[in-house]
Structures are given as C-alpha cells and as structure tokens.
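Beneath this line is the structure, given in structure tokens, with notes to follow.
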Amino acid sequence: MGEQILKEELFEKVTSLAERRGFFWQSARTLYSDAPAGYWVYGPLGTLLKRKITDIWRKEIVFKEGALEIETPLTLPIKVFKASGHLEHFFDKLTECRKCHTRFRVDKLIEEQCGVKENLEGMSDEDLMRILIEKGVRCPRCRASNWTEIKHFNLMFTLQVGADAIEPNAALRPETTQGSVVEFRKTYMVSRGKLPFILAQVGRVFRNEISPRRALIRMREFQQLEIHIFFDPDNTSDYDRKLKPLLNYKLRFLRKEDRETGKISEITAREALESGYTVNSLITYWLVIYQKFFNEVIGIPAERLRYRELIEGEKAHYALVHWDLEVYTEDLGWVELVNNAYRTDHDLSGHQKVSGVDLSVDVGGRKLMPHLYEPSIGLDRVVYHVLALSYREDVKRVWLALPRHLAPIEVAVFPLLSKDELIFRAKQIRDLLKSEGFHVFYDEKGSIGRRYRRMDEVGTPACVTVDYQTLSDGTVTLRDRDTMNQVRLRLEELPRALRRFLSGASLEELVE
RNA sequence: GCGGCCGUAGUCUAGCCUGGAUAGGAUGGGAGCCUGCCACGCUCCAGACCCGGGUUCAAAUCCCGGCGGCCGCACCA
C-alpha cells in the first residue's frame with residue numbers, strides 16, 4: 001500500500017489531486033502570479049463537496065437541535081468590535097528583541113515592567129518607544145534591551161463605508177458570532193424565543209493572517225458553520241434530559257495536565273459532567289453531539305479525534321472554557337476543526353455597555369443576561385480532511401474512499417465501448433438517473449478502465465456500465481469504487497438499488 | 001513578520017553550477033483510430049521557464065528587488 005510514502009506526502013498528494021481534478025486551487029494565480037496568499041477557489045467538485053457537508057450539518061445539527069439559521073452582513077460597524085473586545089485584541093503594536101528575535105506586545109512589556117497602565121492605548125509609537133528606552137525595558141526571554149522599531153499588526157480588514165468616509169468605520173467580520181449577538185434581541189422577539197435559544201450561521205469570515213499556509217488550513221477568507229446557544233446558566237434542565245441517553249458516550253479529551261505526554265483520556269459524558277470538567281449538561285451535550293457528528297456522519301475515525309483543552313493564554317479573550325475539536329493526520333498532526341467556546345455573557349454584556357440597550361431577557365419575571373456557548377466549525381478544514389482521510393493509493397490506482405453520502409458525483413454512466421448503439425442506450429440511462437434526482441456523470445472517452453480510474457480519483461462511489469447484454473435483456477452492471485466488484489441489475493430496479501447503495505448498502509445486499 | 005531552503009505546461013521533472021540556436025521527457029488533457037470490463041496500443045493537437053529590473057552581443061541559467069511555496073520561530077483574537 002505504500003503506507004510510508006503516503007504518510008509523509010499526503011498533504012501534497014491531496015492538494016495536487018484537488019487542483020488537477022477541480023476540488024480547489026489558489027485564487028487568481030493562473031493570471032496574476034503575485035496574487036496574495038490565503039485565498040482559495042472551490043472548483044466544481046469542491047463546491048459540491050462543501051455543499052454536501054454544509055447540507056448534512058444543517059440536517060443533522062441545525063434542524064435536529066432546533067436552531068434558527070440567520071444571515072447577517074459580512075460588514076459590521078467598528079463599534080461592534082469595540083464592544084466584543086476584538087478591537088483591543090486585533091490591533092497590536094509589536095516590537096522584536098534584536099538579540100533573540102522574539103516578539104512582544106509593546107503595551108504588555110511596559111505594563112509588566114513599568115507598572116504603567118493608563119493611556120498606553122492612545123500613545124504614539126514615538127512615545128512608546130521612548131518609554132522602552134528610558135525605562136530600560138528588558139527582553140523577558142534573553143534580558144537584552146535592544147528593541148526594533150514598533151510595528152503595527154492589524155488582524156482585521158477595515159473599511160471606509162460611505163463615499164466621504166476617511167477613517168475606518170466598519171470591518172469585515174472575523175467571526176459570524178457578532179452578527180448573531182447583535183441581532184439576538186430582535187431575533188428572540190420576532191421568533192417568540194425562550195431560553196435556551198439557538199441561532200445558526202453559515203458564512204464567510206475574514207482574518208488578515210500574518211502567514212497563511214497549508215492551503216485550506218489557514219486562509220485569509222474562510223467559512224464557518226456556527227451555532228450560537230444563548231442560555232440561562234442556572235437552568236439547563238432541558239439538556240439534563242437530552243443528555244440522558246448519551247451519558248455513556250465516551251468523549252476523547254486531551255486534558256491540560258496531559259499536554260506533554262499527549263495522553264488522550266476517554267471519559268464518559270457522565271463522568272465529564274459529574275466531575276464538573278464540562279461545566280454543565282448543555283456544554284457536555286454539545287461536546288457529545290459534535291464528536292458524534294464528525295465520527296459517525298462525516299466519517300472521521302474516533303481515534304483521529306480529540307478535544308484539546310485550551311489553557312490560559314491560548315484561550316480567546318472572550319472564553320471562560322474552551323476546547324478545540326481536533327483531527328489527526330500523519331503529516332499535518334493535530335489540526336483544529338471546531339472551536340468550542342463558552343463565552344459566558346461576555347458578548348451581550350459588552351454590547352449592552354457600549355450601546356446602552358438592555359439586552360437581558362425576562363425569565364419568569366426575573367431579568368437575566370443569557371450566556372453564550374458556541375461551537376464553530378472551520379468548514380474549509382473539514383473539506384480538506386474529508387479528502388485527506390479518504391485518499392487511497394496502491395500500485396494500480398489512486399482513489400478517494402469518500403463516505404458515499406458526501407461524494408460530489410454520485411454515479412457515472414458509461415457505454416462499455418464507444419459504439420453508437422451503446423452510446424444511445426447509455427445516454428438514455430443517464431437521463432433516467434438524472435430524472436430520478438441523482439448527480440450523474442456521463443463519459444464515453446477512452447477505455448473503460450481509464451474511465452473507472454477517473455471516477456475513482458474523484459471518489460465517485462458507483463459506476464453503471466452499459467454493454468451489449470443491456471441491449472438484449474435490459475440489465476446493467478453496477479461497480480463499487482472501493483472493491484471494484486460488480487453486480488448486474490435490472491434497469492427497473494436501478495434507481496432504488498442505487499439509493500440503497502449510496503446510503504451504505506453493499507453490492508451483495510442489492511442483489512439479495 | 002524573521003531565518004533557512006525553494007520557484008520550468010494541470011501534475012511530476014531534465015536543463016541552471018560552467019549564459020548560446022525550435023526548453024527535452026513523463027503523466028494528465030483535447031480530436032480520432034482501435035478496443036467485449038479496470039490507466040492496452042497508434043496518429044494528430046494544445047500546454048511552461050513566478051513577476052519586475054540589472055549585467056551581457058546573448059539570460060530559464062548570473063546579480064538585485066518583489067510575490068509565492070515549504071520548514072522552524074512568532075501569530076492563530
């Protein structure tokens with residue numbers, strides 16, 4: 001199987017196949033070689049795959065969990081990010097130690113070593129630099145006192161909205177959350193909400209990353225599938241009930257104390273909840289739901305998944321507790337797929353303070369500021385890992401063993417030979433399957449073997465071949481991508497058989 | 001953003017050190033022939049030196065800058 005080679009070069013093989021076959025590639029490069037990094041195009045197959053993942057998330061999570069999906073603008077007033085705390089954390093002034101090349105935030109250095117707190121934010125670079133020199137601020141790492149000039153890092157894209165705007169007054173959102181938080185009050189009202197109140201958003205977000213790398217893994221513009229659960233921290237009884245049948249489910253955690261050994265603890269939902277580790281039944285439930293979703297629906301083996309507990313300094317500024325759901329591949333190691341943050345009332349309270357609008361809700365005559373728990377999927381990373389974990393090769397062929405329900409092309413139809421009578425019949429069968437709602441691909445070029453290989457490479461689970469026997473008795477062969485085995489089926493039963501096959505039945509089961 | 005390595009068709013690669021005439025090959029792609037089930041074979045076609053500047057009679061090749069890629073550091077709110 002060439003396992004050794006596979007592990008080392010998986011990333012390159014997957015991105016190369018993705019470009020060759022039209023899953024994804026780097027934006028604008030064909031025409032402009034100096035186009036900035038971090039922007040990626042989804043080709044026809046990639047778009048289909050991404051849509052399938054999104055749709056299955058809608059079906060399995062949004063719909064089943066009673067979330068209301070909304071769409072909010074990509075552009076938001078800068079005030080929103082002041083209230084959320086992003087502004088403070090997004091515009092850093094950094095300096096670098098000339099001796100050990102480590103970087104530090106200027107305000108932190110001065111705060112820590114000079115005890116100064118006020119007015120640092122409004123201070124000019126010259127003044128800050130003067131303080132660094134006059135107070136002899138030392139590098140916390142190597143004790144040197146030789147700083148480079150101050151550099152600005154702006155991690156949000158700002159905009160001047162309005163033809164006469166000079167100063168930035170808006171920004172592209174770095175997460176969809178703020179849209180949900182800002183519209184919480186209105187949405188809650190129009191949908192006659194009660195707690196827990198769940199919103200969902202699918203959409204693009206923008207981060208001015210310092211060094212975008214590794215294709216879909218770190219981009220400047222990417223997509224999130226987010227769930228925003230507003231709840232009463234003192235009453236999660238709905239979730240006590242929902243969690244009950246799942247109490248024995250084993251969650252996989254990398255606890256902060258096991259950071260160095262990398263030991264993963266399998267802890268049942270019951271233990272996690274009762275020990276207080278996962279705070280409450282609501283958070284515990286959602287941790288279970290997402291691990292199950294990625295394991296059972298997206299098809300990632302459980303041993304490749306873990307929740308990594310983030311420690312102080314790693315956690316976002318808004319989070320009280322925070323786990324990253326991560327996926328493992330041999331060449332990229334553990335990569336974050338879902339950011340699970342318990343944001344408490346950080347966001348709503350922040351907006352209430354800045355806007356002056358009361359954002360509390362009435363619960364049985366009691367005024368309450370809802371808390372927010374947010375599992376946020378990085379969709380592009382999911383797309384990459386679905387492809388990477390499906391990648392197979394042996395001496396004969398390369399194929400994607402995609403979960404059948406995620407495959408962009410569901411079935412291919414081929415005439416065995418490019419002869420008019422076979423082509424005519426094959427096209428009829430293609431149209432029949434299209435009218436039955438299948439995503440069908442038709443091909444008559446090249447040998448039959450070559451056509452099977454082409455479909456293998458894009459993960460098409462089923463190939464239907466029309467031969468001379470089809471013309472005489474109305475049967476076709478159905479080939480399984482993974483085993484390369486075939487069964488012969490009557491045309492009348494083909495749509496039903498195909499449907500069963502795509503939802504997981506084996507070829508043997510189809511002919512029973 | 002810093003340091004190291006690197007940049008030739010969709011992909012992989014020869015040529016670069018030591019400057020020289022239509023930049024070679026493989027694979028993939030298109031058109032056709034052949035072909036009774038797993039990348040057969042044959043014919044034809046299209047496809048590249050990351051961008052800009054410099055040195056030179058002459059630059060894929062040497063020099064400078066930019067952009068990009070990988071790895072490490074930092075960053076990842």
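Heavy atoms only: backbone and side chains are in, while hydrogens, waters and symmetry mates are out. Lettering of chains follows the sequences in order, A, B, ..., and the numbering in each one begins at 1.
- Near-neighbour residues of RNA chain B inside residues 417-431 of chain A, defined by a heavy atom below 4.0 Å, number-ordered: A:Leu417, A:Ser418.
- Nucleotides B:G68 and B:G30 have their C1' atoms positioned 30 Å apart, rounded to a whole Å.
- With 3.5 Å as the limit, one finds no donor-acceptor pair spanning the side chains of A:Ser376 and A:Glu175.
- Taking the side chain to side chain contact (heavy atoms under 4.5 Å, CB included) definition, one finds that A:Leu471 meets it with A:Glu421, A:Leu422, A:Arg425, A:Tyr468, sequence neighbours left out.
- At a threshold of 4.0 angstrom between heavy atoms, the contacts of A:Arg454 are confined to the sugar-phosphate backbone, with no base atom among them.
- Between A:Ser447 and A:Arg451, the side chains place no donor N or O within less than 3.5 Å of an acceptor N or O (distance only, hydrogens not considered).
- Nucleic acid contact for A:Lys445: sugar-phosphate only, since backbone atoms but no base atoms lie under 4.0 Å from a heavy atom of the residue.
- On the C1' atoms, B:C17 is 22 Å away from B:A21, given to the nearest whole Å.
- With a 3.5 Å limit on both pairing distances and Watson-Crick or G-U wobble geometry required, the stems of 3 or more pairs in RNA chain B span B:1-7 with B:67-73, B:10-13 with B:24-27, B:29-33 with B:41-45, B:50-54 with B:62-66.
- On the C1' atoms, B:C44 is 47 Å away from B:G4, given to the nearest whole Å.
- When heavy atoms are screened at a 4.0 angstrom cut-off, A:Arg214 is found touching the sugar-phosphate backbone but no base atom.
- Atom name P, nucleotides B:C50 and B:A60: the rounded distance is 10 Å, in whole Å.
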